Structure formats: C-alpha cells, structure tokens
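Shown next, in structure tokens, is the structure this report addresses.
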Amino acid sequence: MNQTPAERDYRDTLNLPKTAFPMKADLPQREPARVAWWQERRTYERRLAHNAHNPAWILHDGPPYANGELHMGHFLNMVLKDVFVKIALLDGKRATFVPGWDMHGLPIELETLKHLGIKDFHAIDPLELRAKCKERALYWLDRQRGVRMRMGTFGDFEHPYRTVDASFEATIVNALADLAEKHQLYKGLRSTLWCVHDETALAEAEIEYEPKVSPSVYVRFAADRQQRAKLLDRFALDMAPERVSVLIWTTTPWTLPANVAIAVRADAVYGLYQLDDEAIVVAEALASSVFAERSRDAVLLARATGEQLDGLDVQHPFAGRTSSIVLADYVDLETGTGAVHTAPGHGADDFETGVKYGLPILNPVDAAGIFTSEAGAYAGLHIFKANAKIVDDLRASGALFRAHDYEHSYPHCWRCHHPVVFRATAQWFIAMDQNRLRQRAIDAAEAVEFTPQWGKARLQQMLENHPEWCISRQRTWGTPIPALLCKGCNESILDARVARIAAERFAQAGADAWWSDPVTAYLPADFVCPTCGGTSFEKEKNIVDIWFESGVTHLAVLGKHDGLPWPSDLVLEGGDQYRGWFRSSLLTGVAIRGAAPYKHVVKNGWVNDEQGRAMSKSRGTGIDARDAMDKWGADVLRLWAASVEFIDDVRFGPTVIEHVSRVYRNIRNRVRFMLSNIDDLGAGDVIAREHLDPLDRLACEVVDAFVGDVKGMYDTFSIHDAYLRIVEFESAMSGLYFDALKDPLYSRAPGDHRRRSAQSALWYALQRFLTAVAPILPFTSEEAWQAVSPQLRGEMESVFDTSFPHHRHAVSPASLNLWQTLRDLRARVAASEIGRDFELQLHLEVASPLFEHLHALGDNLREALVVAQLTLGHAHGEAAQPIVRFDVTRAGGEKCRRCWKFRSLGSDPAHPALCSDCAHVVRDLDAAGEAL
RNA sequence: GGGCCGUUAGCUCAGCUGGUUAGAGCGCAUGCUUGAUAAGCAUGAGGUCCCUGGUUCGAUCCCAGGAUGGCCCA
C-alpha cells in the first residue's frame with residue numbers, strides 16, 4: 001500500500017454491485033439453450049408432479065393446422081396460452097397442457113398433391129396419397145412444435161394430441177357412433193361446387209377465378225290471371241296492363257330448368273313499371289339500368305317493398321309450374337333486377353333459401369353436366385351447350401326481355417380450368433334441430449363465461465343462424481365416415497354398430513383400414529339393410545369435415561383421467577373461432593356429452609401491422625414467428641404480447657418492438673441491480689422480516705401489494721393490466737428504494753445489520769418479482785434465477801419451482817400512503833436546484849399522524865430521501881397540509897471521499913478524508929486484511 | 001352488402017355507473033449523475049379524447065348518422 005491516507009480513494013473498500021447476470025440480454029443466442037435446459041431438467045414435468053395433489057386447471061389447446069409456418073398471430077395466441085398455464089403452475093395448480101395439431105384436410109392434401117406433381121387425386125392410390133399426406137403433416141407438426149417450444153412454451157410436447165393418430169381417429173368415429181345413436185345424423189342433398197369435366201365435387205380452396213363471357217339474360221316470369229290479381233293487390237293497384245311479369249336476371253340460363261323461386265329483399269323497394277303494353281316488376285334502384293335506353297318510356301305505376309311481395313307466385317317461363325317469391329337478405333341492388341332467380345339445386349345461397357322455405361331441391365343435371373329427364377325438353381344436352389338453346393326458346397316464347405354477352409370473373413376448376421357449377425349432391429349432416437341441438441347449444445353457452453362478454457352473444461347468434469352442419473367431404477385425406485351403401489336398394493346407412501366396429505378397428509390399425517379392409521370386416525353379425533333387408537354392402541368413400549375432427553378434440557384429450565378433467569377450464573383462440581372451433585366444440589359437446597366442453601372462452605385479437613392493417617403474405621407484411629424470435633428474442637416478443645390489449649386487435653412491427661425492447665431493458669437492469677447487490681448474501685445472513693429496518697419492511701409490504709395486484713389481474717386474464725403494474729412497480733422501486741439503498745449497501749461494512757437488512761429485502765423483492773413476471777418473461781426470470789447463488793435458491797432449482805404466495809399478505813393502506821409520501825418527498829429533493837443528494841440537508845416539519853410515521857423510519861427516512869443530513873420536526877396544531885416545512889439547504893461539512901455524504905471529516909487521523917462511519921468500516925477492513 | 005368489434009398524446013394503453021387542470025410507461029427535450037454506466041435520477045413539452053348532429057345544466061364517456069380499420073359472413 002503505497003498511497004498516503006490523503007490520496008487513498010477507498011473504492012476497493014466499498015461493496016460495489018457484482019453479478020454474472022449480464023446487462024446485455026442476447027436473447028436470440030441465449031434462449032434456445034434455455035429451452036434445452038428446461039427439457040433436460042424436466043422443469044415443467046417436475047412442477048406438475050409437485051402440484052399433483054392440488055386442483056387441476058386445464059387450458060385445452062385449440063389445434064393449429066399443421067401446414068405452413070407459424071406467424072405472429074400464432075405467436076400471440078400460443079404465448080398467451082402459455083402465460084396462463086404458467087400462472088396456474090406457479091399458483092400450484094395441476095395445469096397439464098397438452099398441445100395438439102389439426103392434421104387432416106384439404107389444404108394438406110392439396111399441398112401434398114402439388115408436391116407430388118399430381119393434379120387429379122383420383123389418379124393416385126388413396127392409401128399412397130394418405131401416407132404422403134401424413135408424412136407432410138408430420139413434417140409441419142415437427143416444424144411448428146420446434147417453434148412453439150422456442151417460444152418458451154411449457155407443455156407435453158413429447159405427447160401432443162394429433163388428429164392423425166389412430167386413437168384420435170377412433171375418437172372421431174366413436175363420436176359419429178354416438179351421434180348416430182341419438183339420430184343426430186342424416187343424409188340429404190346439398191349444393192356443392194362441382195366440376196362437370198372432372199366429375200367431382202370441389203372445395204372452396206380448389207377454385208380459381210378467371211374471366212369468362214356468359215350470356216346475360218333478363219327473363220320474364222309472367223303472372224297468370226289469378227297471380228296477376230294478387231300481385232296488383234300488393235301494389236294497391238286497380239288498373240294495369242294485361243301482361244304482368246317479374247323480371248329476373250341470370251348469367252347461367254342452364255340453371256333455369258331448376259328454378260323454383262324468385263328471391264327479393266325484404267327492405268328493398270320494387271316498382272311496377274309500364275313499358276309499352278306490359279307491366280314489369282323490378283327493384284326501383286335498378287330500373288334505369290334494366291330498362292337502359294328505354295328508361296324514359298318506362299312509367300312507374302306503383303311501389304311495394306320486397307316484404308309485401310313475399311309469398312306471391314308467378315309462372316315459370318317454360319317448366320309449366322309456378323315459381324314463388326321469397327325473401328333473402330343476400331339479394332343485392334347493384335346488378336340484375338333485384339329479383340333473383342333461385343334454383344336451390346344450383347347455388348349455395350339458393351340452397352339455403354330452398355331449405356328455409358321448404359322448396360324442392362331440383363337437380364336435373366348428372367355428374368357429367370348432362371341434363372336428365374327432369375329437365376324435360378333439354379334432357380340429354382350438356383348444360384353449357386344448352387345455354388344457347390334455352391335463350392333461343394325464351395326468345396321464341398316471348399319470355400326473354402333482353403340478352404347480351406357479359407364478361408365477369410367466374411370460378412373455374414383449378415385442375416382442368418373449366419367453369420364449375422353448383423350441383424346438389426347427397427351429403428351427411430348433423431341435424432341442428434334434432435333433439436333440440438341448436439337450442440341446447442345456445443342454452444349451454446349461457447352457462448359459459450366469455451371474455452369479452454359479447455362473445456357469448458356472438459357465438460349464440462352463430463348457432464341461431466347455423467345451417468345444417470354438413471360433415472362429409474369427398475376427399476382422401478381424412479377420417480372416413482363409416483357409412484355403408486346397400487347394394488340392394490342403394491340406400492346409405494350410418495349405423496352406430498358399424499361405426500363402433502370401425503372405431504375399434506381404427507384404434508388398432510388407423511383409419512387407413514377403411515380403404516384396405518373388406519366391407520365384411522365392419523358388419524355386425526346378422527346385419528341387414530334396414531330399408532330392403534339386403535345383406536350386400538359397399539363402403540362409402542366420404543371423409544369427415546375437419547371442423548368436426550377439431551370439434552371433438554375435447555373428447556380425445558379430456559376426461560380420460562383425473563389429470564385432464566372434462567370440461568376444460570379455459571379455451572383461448574382468435575375471434576375467427578367463434579364460427580370455427582368454439583362453435584364446433586360446443587355442438588359436439590352438447591350433442592354427445594350434454595354440456596359445453598369448456599367453462600370459459602377467451603378470444604384474442606388479430607395481429608395487424610403497425611398501421612393497423614391486416615398482415616398478409618402477399619403484401620409481404622406477414623412476419624414469421626421464428627424469424628421474429630431470431631431477431632428480437634422470445635422474451636421481448638412475449639413482453640410485447642403482454643403490452644398490448646390482446647382481446648382487441650393488436651399491432652406489431654419493428655417500431656412497436658423497439659419500444660417494448662426499452663421496457664424490457666429497464667426490467668432487466670433492475671433485476672440485475674437486485675442480483676448484483678445480493679451477491680455476497682449467504683443463506684444464514686438473511687434477516688427475518690420482522691427484524692428488518694423499517695424502510696425495508698415497508699418495501700416488502702409494497703412488494704406484497706404488487707404481487708397481490710398482479711396475481712389478481714392474472715386471475716382475470718388481465719395480462720395487459722399486469723404488464724402496466726409490473727412496469728409501474730419496477731420503476732417505482734428503482735426510483736425510490738434502490739436509490740435509497742445504494743449508500744447503505746455500498747458503504748456499510750459487508751456484514752453490517754443495515755446492509756444485511758437491505759439485502760434481505762432485495763432478495764425478497766427479487767424472488768417475488770421473478771415469480772410474478774415469470775409467466776410473461778420465462779427466459780429472463782429463469783436466467784436471473786440461475787444467477788442467484790444456489791445457497792439462496794435452496795431446493796428451488798428453477799424459477800418455476802417458486803410459487804405465488806399462498807396467503808395474501810395484508811398490506812396496510814397507511815404503508816402504501818407512506819411509500820407514496822416518500823416518493824413525493826424524494827422527488828422534491830431531487831428537483832432541488834441547490835445541489836445534489838448528499839450535498840443537501842433537509843429540515844422537515846410535519847404534522848401528526850405523518851410525523852409519527854416518518855419518525856418511526858429513523859435514519860431510514862434520510863436514506864430514502866438521499867440527503868446527507870436530515871432533521872424532522874413535529875408541527876403542532878391544525879395544519880391544512882401535513883408538511884409544514886420543507887427546507888433544503890447545503891449540508892455542512894465536506895464530502896466524505898468514501899461515501900460521498902457531506903459530513904464532518906477527519907475524526908480518525910489515519911483517514912482524514914473520511915467521515916467517522918467510513919473510517920470505522922475501513923479500519924475494520926484493514927485490520928481484517930492484515931490479519932490474513 | 002350484413003353481423004360484431006375498435007378508433008384517447010409519436011408508440012402501447014388507463015380513464016368504473018356522464019362533472020378529472022384527461023392519466024401511466026416508453027420515446028422526445030432539458031438538467032443531474034458517472035460507485036446499476038451501451039446503465040441510473042429529476043424536470044418539461046406533447047391531446048379539437050375520429051367527425052357531425054342529438055339528449056343533458058354539463059359528454060371522451062349516453063343516443064343517432066358518418067368516416068376509418070379489423071374479424072366473420074355474403
């Protein structure tokens with residue numbers, strides 16, 4: 001030691017912060033190793049086992065579709081799920097989370113076919129195609145699983161549920177058996193997209209829109225004598241031309257043979273126009289475009305609303321039957337006549353209207369597009385060739401009002417590029433009103449909690465307007481509907497006994513068996529056709545709608561054992577799932593188990609770009625979840641997920657993340673401050689709460705209040721509120737408490753009671769804080785937890801071994817008030833123009849009861865206000881303000897070289913530049929050093 | 001076109017049942033600190049609460065219409 005006492009800077013005698021926890025997060029680099037660490041340590045499984053005797057709390061995973069990369073919408077949803085699961089785990093619940101994947105269905109089948117370079121799925125052996133599809137789906141599952149785990153998500157990722165598993169396929173078929181037993185299934189007609197060239201049904205996704213020139217024809221549906229009288233009556237008209245007709249417009253004349261109705265809009269105004277010697281009904285809004293150059297000649301005789309026209313009949317132009325006027329809300333007033341030609345066999349809307357009004361569903365067209373005998377004179381003609389003949393005939397009969405060519409965008413088959421048509425085909429349905437299913441589902445929703453609350457009305461409305469649920473698809477990649485076709489009478493049979501046999505068989509061999517087994521493998525003993533008594537059958541080749549498959553995940557995953565009770569406590573998905581999974585799960589739950597399969601439905605919003613616009617791959621604004629994590633790290637993105645109000649639509653983009661990153665850095669640095677100041681705190685040094693210094697006890701109370709608040713917010717899924725509370729808390733802790741502790745922590749002797757008290761409080765705050773933020777920031781809290789000495793951590797290897805306090809500590813409002821008062825006083829000191837912190841002395845005079853509160857803090861009050869000297873006076877009498885005097889002045893004495901407080905120095909001749917407190921500490925340290 | 005939801009400081013969001021100088025954090029500006037230092041502290045400037053009407057003594061908050069964005073459906 002060559003320095004003279006006068007030169008010595010004493011820095012080495014301070015207890016400066018020290019920690020291995022780095023300031024720089026390097027999340028993208030560090031996080032993957034942490035995922036592996038959790039895996040190796042089986043952190044999640046161990047915590048679950050630890051909670052084994054406590055109540056279960058199950059979040060049931062809605063399965064993502066195993067196709068394509070996960071985007072930020074997935075990230076938000078999956079991270080939120082994980083946040084709730086972690087909250088439950090830390091709360092001691094048995095929060096088993098079984099992630100799942102939706103793996104059948106057309107998108108994967110199409111992608112696989114594309115991959116194989118095959119255009120027609122009939123051209124490949126179904127079993128071969130299924131094998132390839134499965135391979136493809138498993139590939140995506142693996143990729144998505146990797147990304148989900150990379151997010152820091154806890155769950156049984158080694159045993160996810162998968163809709164392609166044999167056991168899952170068996171569940172699906174058993175569900176069908178249940179429904180069959182309850183007579184909830186039937187086979188009926190439905191308008192589906194059809195390619196007459198390929199002779200196959202098509203799905204929405206197999207359609208490409210291409211420009212097409214079609215005949216645009218306006219056709220008179222004339223009223224006969226009686227019909228005319230009623231019609232005039234509705235228009236409140238006595239006199240009118242003899243010939244009265246309703247004018248329709250169509251670009252598909254070949255569908256006219258199947259016409260059974262004309263749809264009008266209830267709230268639209270229709271006019272009866274006289275043109276030459278006839279009267280014509282069209283929507284007023286479209287009259288000028290319909291009459292075109294003859295508009296001036298058309299005279300409006302009377303008006304009526306669509307509603308007033310409801311139920312009238314007119315004559316079909318050539319089929320020799322009537323066509324009734326019905327109401328439909330899809331009728332638009334921008335093209336055509338406002339009176340829409342309705343052929344339930346040839347259109348989706350038309351079909352719904354047909355079902356609603358009980359109209360006949362005519363389908364006079366065979367699979368190849370040839371008119372059947374039902375089409376009368378047109379039988380044997382190809383529908384597209386018949387167009388011209390029909391128009392000619394209409395012209396000849398005088399029914400044609402106007403015709404011209406019309407170019408529009410029209411759906412074409414993606415394979416052969418021929419125009420597609422709608423054609424009624426036989427499909428399997430779940431009967432919505434059988435067993436009052438619809439109403440019971442609506443009632444079941446009543447008992448479910450919804451966040452946001454309007455979700456209930458939304459879901460109930462979906463059910464209210466729900467058409468019959470068509471569950472059959474004519475494709476290969478899916479679970480077969482185990483229906484039989486009687487060779488004797490051609491009847492379709494879906495028998496529960498057959499379905500049970502199929503379920504058992506699929507449970508062993510997977511659903512492929514349906515393609516490879518002989519039909520006899522599925523026949524119960526003595527099975528005969530219920531219609532004709534026949535004994536010879538074929539297997540039907542329909543698969544089940546994937547919405548039905550995902551709709552039974554609750555049956556496949558829950559209720560199998562105590563760990564996973566049915567129903568689940570929570571489901572959480574995007575708002576599109578009101579129509580999707582929330583709905584399908586509810587319907588199967590009610591139909592099969594008689595109740596909703598979940599207790600609470602939470603909806604998360606959509607992730608839009610920074611301008612609030614929808615992200616899209618095509619515009620290049622879609623962001624891949626993995627890319628985002630590689631760039632910013634999962635924890636920053638998770639913090640983003642907490643920082644937005646996830647119930648509403650949220651925004652995501654680089655600038656948004658830049659802001660969140662700053663908040664993240666704040667949190668990280670404050671955690672680092674706590675860690676770096678307890679580095680030398682041994683387990684035996686920790687002081688019991690009741691023996692802490694008053695300021696430290698107060699801080700612990702503030703921590704308890706914080707934890708209580710955050711836990712309360714977590715319990716109501718108010719993640720965003722919790723985020724705000726976390727940010728507010730750590731900034732308050734930092735501003736007041738950390739600043740106050742620096743001097744005692746740094747300048748007291750290492751084992752000084754004041755210092756150990758401060759450290760003990762910091763350790764308490766750190767534990768509580770890390771537990772509280774762990775659901776949102778698992779990587780960072782775990783990293784911090786690992787930076788705590790093993791001695792302090794004790795048995796709790798992971799931050800996920802810690803828990804929210806079982807009992808909420810009672811926090812007195814007086815304490816929180818006192819804390820706030822200290823913050824205010826501290827701010828006043830800090831804002832002082834006279835000098836900085838330890839250059840200052842403060843004279844305070846306050847009235848009761850504040851005086852007593854402040855007085856009880858002792859020297860901690862001076863520490864909290866970060867001044868060198870402080871005097872506290874008791875103001876007596878009635879004062880409007882509790883603080884009567886607040887005098888900041890320059891402190892007397894000089895700046896102690898070691899602790900920087902202004903004091904009288906030199907009491908110890910060996911250390912002339914030190915205050916007496918510091919001199920004592922240094923003497924002891926020096927003595928200890930020499931003793932070595 | 002229909003149903004539902006949103007629109008409050010540059011950003012993310014609070015503002016409960018109508019009366020507040022409309023708030024917080026981040027960012028920004030200024031100052032301090034340099035023993036949390038690619039950190040910390042303090043202060044300050046930012047808002048016609050989407051627009052237009054209406055109800056009311058009084059509206060960011062209620063009602064109607066519109067604009068705009070989103071989801072679902074057509």
Side-chain angles (χ1 to χ4, degrees), chain A residues 9-19 21-24 73 265 267-268 328-334 348-349 352 452 454-455 457-459 461-462 464-465 467 574-580 583 603-615 639-645 647-677 718 720-721 723-732 734-736 738-739 741-743 745-747 826-833 835-839 866 898-900:
Chain A
D9 76 351
Y10 299 105
R11 198 170 188 278
D12 58 335
T13 67
L14 293 165
N15 317 298
L16 293 182
K18 186 179 153 217
T19 179
F21 184 78
M23 182 179 287
K24 192 165 177 343
R265 204 158 106 186
D267 59 353
D329 51 16
Y330 53 79
V331 173
D332 87 278
L333 297 174
E334 270 152 42
D349 282 342
E352 296 303 337
W454 53 258
R458 178 97 192 244
L459 184 54
Q461 189 195 324
M462 298 278 173
E464 194 77 58
N465 304 325
D576 53 335
Q577 301 305 330
Y578 287 119
R579 177 162 285 269
R583 174 201 61 106
K603 160 252 181 184
N604 66 260
W606 226 245
V607 178
N608 296 325
D609 68 15
E610 290 184 328
Q611 277 70 48
R613 310 243 167 195
M615 292 209 198
L639 191 61
W640 160 78
S643 77
V644 294
E645 185 44 89
I647 289 165
D648 303 323
D649 292 347
V650 303
R651 296 181 184 208
F652 178 84
T655 45
V656 174
I657 292 306
E658 188 50 39
H659 292 293
V660 175
S661 299
R662 294 204 177 91
V663 175
Y664 174 83
R665 285 203 291 272
N666 277 350
I667 293 174
R668 188 177 178 90
N669 272 311
R670 281 148 191 179
V671 166
R672 182 165 181 268
F673 179 83
M674 288 189 265
L675 279 170
S676 65
N677 282 296
S718 309
H720 174 69
D721 291 344
Y723 164 85
L724 292 177
R725 187 70 178 86
I726 288 165
V727 171
E728 192 265 337
F729 168 74
E730 50 104 18
S731 118
S734 178
L736 176 66
F738 293 177
D739 249 21
L741 292 190
K742 283 191 210 169
D743 180 49
L745 284 169
Y746 300 167
S747 59
R826 165 68 184 134
R828 284 175 75 172
V829 172
S832 157
E833 300 284 326
R836 286 299 119 198
D837 298 348
F838 291 144
E839 300 167 18
V866 204
R898 184 166 173 278
C899 73
W900 293 351

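These figures come from a predicted structure and were not determined experimentally. A, B, ... follow the sequence lines: proteins, then strands. Residue 1 opens every chain.
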Could you tell me whether Arg826(A) contacts a base, only the sugar-phosphate backbone, or nothing, with contacts defined as non-hydrogen atoms closer than 4.0 Å?
sugar-phosphate

Which part of the nucleic acid does Arg458(A) contact within heavy-atom distance under 4.0 Å: base, sugar-phosphate only, or nothing?
base

Between the protein and nucleotides 37-39 of chain B, which nitrogen or oxygen pairs are less than 3.5 angstrom apart?
from, atom 1, to, atom 2, distance (Å)
U37(B), OP1, Arg672(A), NH1, 2.5

Exam field: side chain Arg668(A) to backbone Met23(A), donor-acceptor pair closer than 3.5 Å
yes

Complementary nucleotide for A22(B) - Watson-Crick or wobble, under 3.5 Å:
none

OP1 or OP2 of A36(B) less than 4.0 angstrom from a side-chain nitrogen or oxygen of Tyr746(A), does that happen here?
yes

Its contact letters, B for base, S for sugar-phosphate only and - for none at protein heavy atoms under 4.0 Å, make nucleotides 10-17 of chain B read BSSSS---

Quiz item: Ser734(A) side-chain donor-acceptor pair to A36(B) base, under 3.5 Å
yes

Using a cut-off of 4.0 Å on non-hydrogen atoms, how would the nucleic acid contact of Arg828(A) be classed: base, sugar-phosphate, or nothing?
nothing

For a quick check of understanding: with a heavy-atom distance under 4.0 Å over all strands, which category does Glu658(A) fall into, base, sugar-phosphate or nothing?
nothing

For Arg670(A), side-chain hydrogen bond (donor to acceptor under 3.5 Å, both in side chains) partners two or more places apart
Glu730(A), Ser734(A)

Return no unless some side-chain N or O of Trp454(A) is found under 4.0 Å from OP1 or OP2 of C4(B).
no

Please state whether the rings of Trp454(A) and Tyr578(A) are parallel, tilted or perpendicular, taking 30° and 60° as the class boundaries.
tilted

Picking from C71(B), C41(B), U34(B), the nucleotide nearest the side-chain atoms of Trp900(A) would be U34(B)

Run the salt-bridge test on Asp576(A) and Arg579(A) with the 4.0 Å N-O cut-off and return the result as yes or no.
no

For G40(B), decide between syn and anti, treating a glycosidic angle within 90° of 0 as syn.
anti

Would you mind telling me which residue lines up with the more 5' stretch of RNA chain B, Arg836(A) or Ser832(A), judged by nearest nucleotide?
Arg836(A)

Quick one: does any side-chain atom of Trp640(A) pair with a main-chain N or O of Ser661(A) as donor and acceptor, under 3.5 Å?
no

Could you tell me whether Asp12(A) and Arg898(A) make a salt bridge, using a distance below 4.0 angstrom between a side-chain N and a carboxylate O?
no

Just by distance, do the side chain of Arg265(A) and the backbone of Val331(A) share a donor-acceptor pair under 3.5 Å?
yes

How would you label the contact of Asp837(A) with the nucleic acid (heavy atoms, under 4.0 Å): base, sugar-phosphate, or nothing?
nothing

